[in-house]
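The structure appears below as structure tokens.
In what follows, chains are A, B, ... by sequence order, proteins preceding strands, each numbered from 1. These numbers come from the heavy atoms of this one structure, side chains and all, not from hydrogens, waters or symmetry mates.
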2 protein chains.
Amino acid sequence: MTKISTWNVNSIRTRITHVTDWLQTNPVDVLCLQETKVVDADFPHTPFEEIGYQAEIFGQKAYNGVALISKSPLTNVQAGFTPVLEAAGKSLDEATFFDEQKRVITGVTASGLRVVNLYVPNGSSVGSEKYDYKLRWFRLLKQYMECLLAVKPKPILICGDFNIALEDRDIYKPEGREKHIMSTPVERESLRSILELGFADVFRKFTAESGHYSWWDYRAASFNRNMGWRIDHHYLTPELYERATSCTIDKAPRGLEKPSDHTPVTVEISD
Amino acid sequence: MTKISTWNVNSIRTRITHVTDWLQTNPVDVLCLQETKVVDADFPHTPFEEIGYQAEIFGQKAYNGVALISKSPLTNVQAGFTPVLEAAGKSLDEATFFDEQKRVITGVTASGLRVVNLYVPNGSSVGSEKYDYKLRWFRLLKQYMECLLAVKPKPILICGDFNIALEDRDIYKPEGREKHIMSTPVERESLRSILELGFADVFRKFTAESGHYSWWDYRAASFNRNMGWRIDHHYLTPELYERATSCTIDKAPRGLEKPSDHTPVTVEISD
DNA sequence: GAGTAACAAG
DNA sequence: CTTGTTACTC
């Protein structure tokens, strides 16, 4: 069995004890972190090593940043769009530009499963320059995923903070969602164009109803009122999707003191 | 018996639990705070009221700020230089200017003792504009004290963060002190000119040796190495000085998590 | 509402 | 080293 989690920690340095405590009671094969908000030189490797994990990291100052935390070493680790597109012989202009922001890292487990960890741009507000950046970023992501699908291993899991709620049941209050960042038809279509390559939302294999979220705004006591969004996802290629035995959201860390605004989402895949 | 303490808390909002915890194990008649760093509208009155204290405050945004915390209400509370100098018919030009920084508050206890709580300017570095400000501030303080000495009640206690170590035994390493802020001959003479009005350092009534300090720089682990300065003082008029039965520095709060860089100094005065 | 940065002050 | 402010981002 392989267990993989995704968690936007909103600063790994501020959240380090939350994360290591959680890992000790929730051991996983790979924990995908987003918004580490730290340059690689300052990443807190020691606390992870002390509990038997190692980190593959791709960080920057103050913003963004992703990491793969794993018990066993990962192979074929590639940070950013560039190395993957380069290996496929693609033009690197866009990749170089978008890799200024550290949002993508991938690696392969010993069990031969490729994990792609994403921190999708938030997009700020509909029609803004950042919104446009988000849509352009998705077009590059599609190329990136096409490159990965063309090589081995074929079982691929994409996870992370997508900053998109794909369906209305993923939002506490879907009214007005067409004009709200993270749920516009255009954003959803951007994400669907990735999924059409052959990925499915494994959370919905097990849970159909609304009311299950992975992110709650810090403001307006939205966690206590369960005014959340499901924007942290695991998307699996068909074979993995079939093998998945559970996908669960652990709300507990969101209730701790000084929590991240996101909480971990975990998928279990049988051998 | 009357018990009076002085403590530069370096932000009352950050230190509120340190201060209320300390007051509960160290009940005093008046606690004089410096560097409250908060405007009056945001002063945390409730935590003090919950443990039976009230606060007279004189604060500003981000810098300086003084407060008198007392079990029984104080009378004749006057904030800043201006009201005292005005009552004495003095020119208010200087008072108005220096009261832009909130550094002075006075009140009278039920036992008829006037408490003057001061946060003396730090002075930055010798020869700087702030150094000049400190010396000019002392000239106004002298006028202010002359006004208070001319009215009732006559027993006066001046305390606070003086940002001056009056003698070499008040510094962990007196070498080079002539050129160091807080111990130049000019600063010491400024302070002595106040004391010459009739005040004495009550800590030295009981303790003659060096090694007793009230402030340790946050830098260079100076607290662990006892590299401190005695710059928080209680100066008493002769009658009070005679009645004083102890003057002690409580180092404990300096050892807590996220401490102030200063620690409380307490004087006891018999009835 | 909470994170980081850069600055000022001690 | 620690605090507060402003400005930015999510």
[N] [atom2] sits how many Å from [X] [atom1], rounded?
{"X": "B/Arg254", "N": "D/dC1", "atom1": "CZ", "atom2": "P", "result": "12 Å"}
{"X": "B/Gln60", "N": "C/dA9", "atom1": "CD", "atom2": "C1'", "result": "12 Å"}
{"X": "A/Tyr133", "N": "D/dC10", "atom1": "OH", "atom2": "P", "result": "10 Å"}
{"X": "B/Gln101", "N": "C/dG10", "atom1": "CD", "atom2": "C1'", "result": "13 Å"}
{"X": "A/Glu257", "N": "C/dG1", "atom1": "CD", "atom2": "P", "result": "15 Å"}
{"X": "A/Asp261", "N": "D/dT9", "atom1": "CG", "atom2": "P", "result": "17 Å"}
{"X": "B/Asn10", "N": "D/dG4", "atom1": "CG", "atom2": "C1'", "result": "9 Å"}
{"X": "B/Trp215", "N": "C/dA9", "atom1": "CH2", "atom2": "C1'", "result": "13 Å"}

Approximate separation, where rounding is to 0.5 Å, of A/Phe97 CZ and A/Arg136 CZ: 5.0 Å
Are the side chains of A/Ile231 and A/His262 in touch, meaning some heavy atoms are under 4.5 Å apart? yes
Check: A/Asp217 and A/Met227 side chains under 4.5 Å, non-hydrogen atoms: no
Let's see if you can work this out: which of [options] has an atom nearest to the side-chain heavy atoms of [X]?
{"X": "A/Arg219", "options": "D/dT5, D/dT3, C/dG1", "result": "C/dG1"}
{"X": "B/Lys130", "options": "D/dC1, D/dC8, C/dA9", "result": "C/dA9"}
{"X": "A/Ala62", "options": "C/dG10, C/dT4, D/dG4", "result": "C/dT4"}
{"X": "B/Tyr63", "options": "D/dC1, C/dT4, C/dA9", "result": "C/dA9"}

Please list, by residue number, the residues of residues 33-47 of chain A whose heavy atoms come closer than 4.0 Å to an atom of DNA chain C; answer none if no residue qualifies. A/Lys37
Where along residues 14-23 of chain A does a heavy atom fall under 4.0 Å from DNA chain C? A/Thr14, A/Arg15
Whether the side chain of [X] engages the backbone of [Y] through a donor-acceptor N/O pair (distance < 3.5 Å, no angle test) should be reported.
{"X": "A/Asp232", "Y": "A/Val265", "value": "no"}
{"X": "A/Thr14", "Y": "A/Ser11", "value": "no"}
{"X": "B/His18", "Y": "B/Arg254", "value": "no"}

Step by step, would you call B/Arg188 with B/Asp168 a salt bridge (Lys or Arg N to Asp or Glu O under 4.0 Å)? CA-CA 11 Å; B/Arg188 288 180 174 182; B/Asp168 286 358; 3.0 Å; yes
Give me the ring orientation class for B/His45 and B/Phe43: parallel if the planes are under 30° apart, tilted from 30 to 60°, perpendicular past 60°. tilted
Before you tell me yes or no, could you show the steps for B/Asp201 and B/Arg230 under salt bridge (Lys or Arg N to Asp or Glu O under 4.0 Å), namely the whole-Å CA-CA distance, both residues' side-chain angles and the distance that decides it to 0.1 Å? CA-CA 11 Å; B/Asp201 179 355; B/Arg230 197 173 68 87; 2.6 Å; yes
Counting just side-chain N and O atoms, does [X] come under 4.0 Å of either OP1 or OP2 of [N]?
{"X": "A/Lys61", "N": "C/dG3", "value": "no"}
{"X": "B/Lys258", "N": "D/dC1", "value": "no"}
{"X": "B/Ser124", "N": "C/dA9", "value": "no"}

Quick one: label B/Phe223 by what it contacts on the DNA or RNA (base, sugar-phosphate, nothing), any heavy atom closer than 4.0 Å. nothing
Salt bridge (Lys or Arg N to Asp or Glu O under 4.0 Å) between B/Arg204 and B/Asp170: does it pass, once the steps are laid out? CA-CA 10 Å; B/Arg204 290 304 179 194; B/Asp170 298 326; 2.6 Å; yes
